[in-house]
Amino acid sequence: MPNSMLRTIRWGIIGCGDVTEVKSGPALQRAEGSALVAVMRRNGDRARDYAQRHGVTRWYDDAEALVHDADVDAIYVATPPSSHLEYALLAARAGKPVYVEKPMAMTFAECRAMIDGCAAAGVPLFVAYYRRALARFVEIKRLIDSGVIGDVRFVAITFYQPSVREDADPATRSWRVKPEIAGGGRFVDLASHMLDFLDFTLGPISLVSATASNQAQLYAAEDIVTTSFVFASGVHGVGAWCFSAYDRADRTEIVGTAGRITYATYDFSPVVLLRGGNTTELTFDPPPHIQQDLIQSVVHALNGRGHCPSTGESAARTSWVMDQMLASEGAPT
């Protein structure tokens with residue numbers, strides 16, 4: 001289809017908060033065949049302010065009104081996880097395709113309800129696991145698929161960071177450590193990207209054994225998770241996430257029979273390939289709007305020009321894995 005004949009997908013955002021300021025909102029405006037035409041936030045003053053700053057023509061303080069705007073073709077749900085199910089089904093009933101923030105929902109059961117609701121309405125469902133489309137991570141997957149490190153044997157994830165001071169005070173506590181809003185703690189917010197990329201690269205995880213605890217007792221959610229898991233392919237994995245440590249670390253190592261690949265998920269430090277005694281560092285610059293490549297794939301999918309690598313079905317698998325990892329949550333030993 002010639003570019004001049006592309007249908008412009010006109011987007012409406014439900015929940016124009018921080019994630020939409022740089023990561024996604026401008027990407028909806030800059031992707032080919034895409035336009036951001038309406039935004040909604042329950043606080044009307046903030047919705048109006050966002051619209052004015054981003055050059056969006058209309059704003060709402062009611063999700064129903066935005067979803068039923070005849071000039072809105074597709075809905076981006078950018079609220080915290082506790083309302084993803086509600087708004088995704090609202091959009092689906094209106095016949096609008098849905099792009100929803102990660103993690104997809106509070107639980108795997110909610111993910112399945114979203115998938116079923118969108119299928120019944122005949123609308124596609126996409127999820128913002130944007131690392132599936134970022135050049136840095138696409139190259140990691142390409143290297144593994146090429147066999148450069150041989151047959152993959154195991155994965156090791158180490159992620160830790162200090163406690164966030166504000167989280168100790170209920171008055172300043174982030175919603176990300178409120179289980180009733182986030183579905184868990186910072187593990188759910190951050191590990192979801194890490195686990196989803198492994199699903200994309202190595203296939204689904206089929207077996208999980210884990211312990212989740214609250215060691216620092218600063219809030220109700222878990223602040224440490226340690227786990228072992230097995231992919232359906234037979235690849236093994238181990239992981240440790242701690243959110244009350246002395247320092248920071250972000251390292252995933254994928255080890256094969258001929259080498260290994262080591263990378264960080266949350267910064268753009270070099271990807272390190274070790275093979276045959278030789279070390280190669282691969283560098284990638286961060287894009288200005290980190291969701292743009294994935295959003296472009298969504299727009300192309302809606303225009304029948306390709307597919308998006310992050311769907312409701314793929315994202316639900318990550319939620320299932322995290323459900324299993326949090327199922328054993330208990331007191332620290």
Side-chain angles (χ1 to χ4, degrees), residues 11 13 15 18-20 22-25 27-28 31 74-81 84-85 87-88 97-108 110-112 114-115 118 124-142 144 155 157 159 176 182-184 186-205 229 231 237 239 241 250 252 254 263-268 284 286-287 289-302 306-323 325:
W11 289 92
I13 299 178
D18 289 346
V19 72
T20 70
V22 176
K23 291 182 177 181
S24 57
L28 293 171
I75 304 298
Y76 168 36
V77 179
T79 58
H84 286 183
L85 173 62
Y87 289 139
V98 185
Y99 176 60
V100 64
E101 263 304 323
K102 47 62 59 182
M104 181 175 168
M106 297 278 280
T107 63
F108 175 69
E110 287 195 357
C111 293
R112 291 307 320 173
M114 291 165 66
I115 292 168
C118 288
L125 172 61
F126 309 100
V127 181
Y129 282 118
Y130 51 82
R131 281 167 176 78
R132 288 178 175 242
L134 277 180
R136 168 187 177 86
F137 293 92
V138 170
E139 178 62 9
I140 294 171
K141 176 173 169 55
R142 188 197 69 78
I144 291 170
V155 176
I157 303 169
F159 187 93
R176 289 176 173 82
R186 293 186 184 276
F187 166 80
V188 173
D189 184 43
L190 297 173
S192 59
H193 264 308
M194 306 172 86
L195 294 166
D196 182 81
F197 177 66
L198 292 177
D199 177 283
F200 179 54
T201 305
L202 301 175
I205 292 171
F229 47 93
F231 294 82
W241 293 264
D250 175 1
T252 298
I254 301 177
Y263 63 90
T265 302
Y266 285 98
D267 67 50
F268 277 77
F284 299 84
H289 309 292
I290 204 163
Q291 291 198 27
Q292 186 166 338
D293 290 336
L294 185 67
I295 286 171
Q296 188 68 72
S297 76
V298 171
V299 171
H300 283 334
L302 294 177
H307 79 284
C308 173
S310 184
T311 65
E313 289 288 352
S314 65
R317 294 196 297 266
T318 293
S319 288
W320 178 85
V321 170
M322 292 192 299
D323 278 4
M325 291 180 175

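FYI, the numbering just counts along the sequence from 1. Owing to the predicted nature of the structure, the values given are computational and were not obtained by experimental measurement. Because only heavy atoms are used, hydrogens play no part in the values below, and waters and symmetry mates are left out as well, while side chains stay in.
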Does a salt bridge link Arg131 with Asp196, judged by any charged N lying under 4.0 Å from a carboxylate O?
-> no
Yes or no on side chain to side chain contact (heavy atoms under 4.5 Å, CB included) for Leu195 and Met325, after CA distance, side-chain angles and deciding distance?
-> CA-CA 11 Å; Leu195 294 166; Met325 291 180 175; 4.0 Å; yes
Not counting sequence neighbours, which residues clear side-chain hydrogen bond (donor to acceptor under 3.5 Å, both in side chains) with Arg317? List them please.
-> Asp199
State which residues pass salt bridge (Lys or Arg N to Asp or Glu O under 4.0 Å) with Lys102; sequence neighbours excluded, sorted by chain then number.
-> Asp189
Kindly state whether the ring of Phe284 and the ring of Tyr263 have centres lying under 6.0 angstrom apart.
-> no
Side-chain (Asp250) to main-chain (Thr265) donor-acceptor, under 3.5 angstrom | yes
How long is the span from the OG1 atom in Thr201 to the CZ atom in Phe231, to the nearest 0.5 Å?
-> 8.5 Å
Distance, nearest 0.5 Å, that separates CZ of Arg112 from OG1 of Thr107 = 12.0 Å
His289 side chain vs Ser24 backbone, donor-acceptor pair below 3.5 Å = no
What is the minimum heavy-atom distance between Phe200 and Pro309, and which atoms define it?
-> CE1-CB, 4.1 Å
Taking only residues two or more places apart in sequence or in another chain, which ones pass salt bridge (Lys or Arg N to Asp or Glu O under 4.0 Å) with Arg142?
-> Glu139
Which pair of heavy atoms, one from Leu125 and one from Cys118, lies closest together, and at what distance?
-> CB-SG, 3.9 Å
Rounded to the nearest 0.5 Å, the CH2 atom of Trp320 sits from the CD1 atom of Ile205 at a distance of 8.0 Å
In terms of heavy-atom contacts, does CG of Asp18 have more than 12 from other residues, nucleotides or ligands at under 6.0 Å?
-> no
What closest approach, in Å, do Thr20 and Ile13 show between heavy atoms, and which atom pair accounts for it?
-> CG2-CG2, 4.2 Å
Just wondering, do Leu134 and Pro287 contact through their side chains at under 4.5 Å, heavy atoms?
-> yes
Hey, which of Tyr129, Phe197, Phe108 is the one that makes side-chain contact (heavy atoms from CB on, under 4.5 Å) with Thr318?
-> Tyr129
Smallest heavy-atom separation, Met106 atom then Ala182 atom, equals SD-C, 3.9 Å
Verify whether one side chain among Glu101 and Tyr76 offers a donor that lies under 3.5 Å from an acceptor in the other.
-> yes
What's the verdict on side chain to side chain contact (heavy atoms under 4.5 Å, CB included) for Ile75 and Tyr87, showing C-alpha distance, side-chain angles and the deciding distance?
-> CA-CA 9 Å; Ile75 304 298; Tyr87 289 139; over 6 Å; no
side-chain hydrogen bond (donor to acceptor under 3.5 Å, both in side chains) partners for Tyr99, two or more places apart = Gln291
Only counting residues at least two apart or in another chain, list the ones meeting ring pair (Phe, Tyr, Trp, His ring centres under 6.0 Å) with Tyr266.
-> Phe159
Sidechain-backbone polar pair: His84 side chain, Pro103 backbone, donor-acceptor under 3.5 Å | yes
Val77 versus Ala88, closest heavy-atom pair with distance = CG2-N, 4.3 Å
For Ala74 against Leu302, the heavy-atom pair lying closest together | CB-CD1, 4.4 Å
Please walk me through it: do Phe187 and Met322 pass side chain to side chain contact (heavy atoms under 4.5 Å, CB included)?
-> CA-CA 9 Å; Phe187 166 80; Met322 292 192 299; 4.2 Å; yes
Check whether any side-chain heavy atom of Arg132 lies under 4.5 Å from a side-chain heavy atom of Ser314, and answer yes or no.
-> yes
Stepwise, does the side chain to side chain contact (heavy atoms under 4.5 Å, CB included) test hold for Asp293 with Gln296?
-> CA-CA 5 Å; Asp293 290 336; Gln296 188 68 72; 5.6 Å; no
Close side-chain approach of Phe137 and Ile140, heavy atoms under 4.5 Å | yes
Salt bridge (Lys or Arg N to Asp or Glu O under 4.0 Å) against Arg136, all qualifying residues, sequence neighbours excluded | none
